[in-house]
Amino acid sequence: MPADKLICPNCQATVLKYRNPFPTVDIIIRQGGKIVLIERKNEPRGWALPGGFVDYGESLEAAAAREALEETGLVMVNLRQFRAYSAPDRDPRQHNISMVFIADGRGELRGGDDAARAVAFDLDALPSPLCFDHGQILEDYRRCLGGGMP
């Protein structure tokens, strides 16, 4: 649905500006048999999967590797897509669509960028509640590990 009208700088015609969801990535990082979570510095505060916004001209895979490195200090190995999450209310700030990846993390775990800290948790001992829909994402991941489909 149109959110605004703009003027074309070349021909001066009125064009519609559409409001679209923002592409994001989240990463389920496995390290030492545990799952890496970050404690967010920014609102909404709390524990979350590492991730963030895809930059213009960047692939989803490159965004996942970049965000993981920035927020955890880890390099991603065996990075692969898990599932997309698109509920309009999954993020209280705006409508974001996230491609979730799974990867193994290599290196020394440390919080960075907009992560106050990064910690590896046992899948059965995660802090609660998690930000956004990350609890649901990890529940879907747990079901996949058990042989079920998310």
Side-chain angles (χ1 to χ4, degrees), residues 1-4 6 16-150:
M1 80 179 14
D4 210 343
L6 302 171
L16 296 178
K17 175 182 172 185
Y18 290 90
R19 186 170 179 200
N20 295 310
F22 294 92
T24 64
V25 293
D26 292 302
I27 311 97
I28 299 170
I29 303 173
R30 303 177 303 199
Q31 189 182 44
K34 298 183 177 189
I35 301 297
V36 174
L37 296 177
I38 59 153
E39 187 174 27
R40 294 175 48 82
K41 283 185 188 176
N42 304 315
E43 292 296 330
R45 294 189 190 275
W47 291 98
L49 291 166
F53 293 95
V54 178
D55 292 337
Y56 187 83
E58 183 177 46
S59 71
L60 294 169
E61 293 78 8
R66 174 184 53 77
E67 286 287 348
L69 183 62
E70 289 174 358
E71 294 183 352
T72 70
L74 300 175
V75 172
M76 299 297 94
V77 178
N78 302 319
L79 182 72
R80 61 191 178 281
Q81 290 184 6
F82 173 58
R83 182 176 172 186
Y85 290 80
S86 62
D89 62 350
R90 66 177 300 275
D91 187 325
R93 300 168 297 179
Q94 70 230 354
H95 184 184
N96 294 328
I97 297 172
S98 184
M99 176 55 69
V100 178
F101 288 85
I102 300 170
D104 298 311
R106 299 289 185 261
E108 185 177 334
L109 182 60
R110 59 173 170 69
D113 193 31
D114 46 353
R117 60 186 173 140
V119 177
F121 292 92
D122 286 323
L123 188 57
D124 294 326
L126 300 174
S128 181
L130 297 177
C131 293
F132 313 114
D133 58 353
H134 294 183
Q136 180 64 54
I137 292 169
L138 288 169
E139 185 56 37
D140 292 345
Y141 173 71
R142 183 189 323 269
R143 276 200 299 272
C144 282
L145 290 177
M149 292 299 292

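All values below were derived from every heavy atom in this structure, side-chain atoms included, with hydrogens, water molecules and symmetry-related copies excluded.
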Q. When you measure from the side chain of Glu71 to the backbone N and O of Gly51, does any donor-acceptor pair fall under 3.5 Å?
A. yes
Q: Please tell me if the side chains of Leu37 and Leu138 come closer than 4.5 Å, counting only heavy atoms from C-beta onward.
A: yes
Q | Derivation and outcome, salt bridge (charged side-chain N to carboxylate O under 4.0 Å, His left out), residues Asp113 and Lys41 | A | CA-CA 9 Å; Asp113 193 31; Lys41 283 185 188 176; over 6 Å; no
**Q.** Partner residues of Asp104 under the side-chain hydrogen bond (donor to acceptor under 3.5 Å, both in side chains) criterion, sequence neighbours left out
**A.** Arg30, Asn78
**Q.** Any donor-acceptor pair under 3.5 Å from Arg66 side chain to Glu70 backbone
**A.** no
Q) From Asn20 CG over to His95 NE2, what is the distance, rounded to the nearest 0.5 angstrom? A) 10.0 Å
Q.
For the backbone of Leu49 and the side chain of His134, can you confirm whether one donor and one acceptor N or O come within less than 3.5 Å of each other?
A. yes
(Q) If the condition is side chain to side chain contact (heavy atoms under 4.5 Å, CB included), which residues does Val119 pass it with, not counting sequence neighbours? (A) Trp47, Arg117, Phe121
**Q.** With sequence neighbours excluded, residues passing side chain to side chain contact (heavy atoms under 4.5 Å, CB included) with Asp89
**A.** Ala87
(Q) Go through it in stages, so that I can follow the logic: the residues are Ile35 and Tyr141, the test is side chain to side chain contact (heavy atoms under 4.5 Å, CB included), and I'd like the CA-CA distance, side-chain angles, deciding distance and then a yes or no. (A) CA-CA 11 Å; Ile35 301 297; Tyr141 173 71; 3.9 Å; yes
Q: Assess the side chains of Thr24 and Asn96: does a donor N or O sit below 3.5 Å from an acceptor N or O?
A: no
Q | Interatomic distance, Ile102 atom CD1 to Leu79 atom CG [nearest 0.5 angstrom] | A | 9.5 Å
(Q) So for atom CD, which belongs to Glu108, do other residues, nucleotides or ligands contribute more than 12 heavy atoms lying within a distance under 6.0 Å? (A) no
Q: Determine whether the side chains of Tyr85 and Asp26 contain a donor N or O and an acceptor N or O closer than 3.5 Å.
A: no
**Q.** Exam field: side chain Arg142 to backbone Leu145, donor-acceptor pair closer than 3.5 Å
**A.** no
Q: Check whether any side-chain heavy atom of Phe82 lies under 4.5 Å from a side-chain heavy atom of Cys144, and answer yes or no.
A: yes
**Q.** Exercise: identify the closest heavy-atom pair between Pro44 and Cys131
**A.** O-SG, 3.7 Å
**Q.** Atom pair CD1 (Ile38) and OG1 (Thr72), whose distance is rounded to the nearest 0.5 Å
**A.** 9.0 Å
Q | Any donor-acceptor N/O pair, Asp122 side chain to Asp124 backbone, under 3.5 Å | A | no
Q: Please answer whether the main-chain N or O of Glu61 pairs with a side-chain N or O of Gln81 as donor and acceptor at a distance below 3.5 Å.
A: no
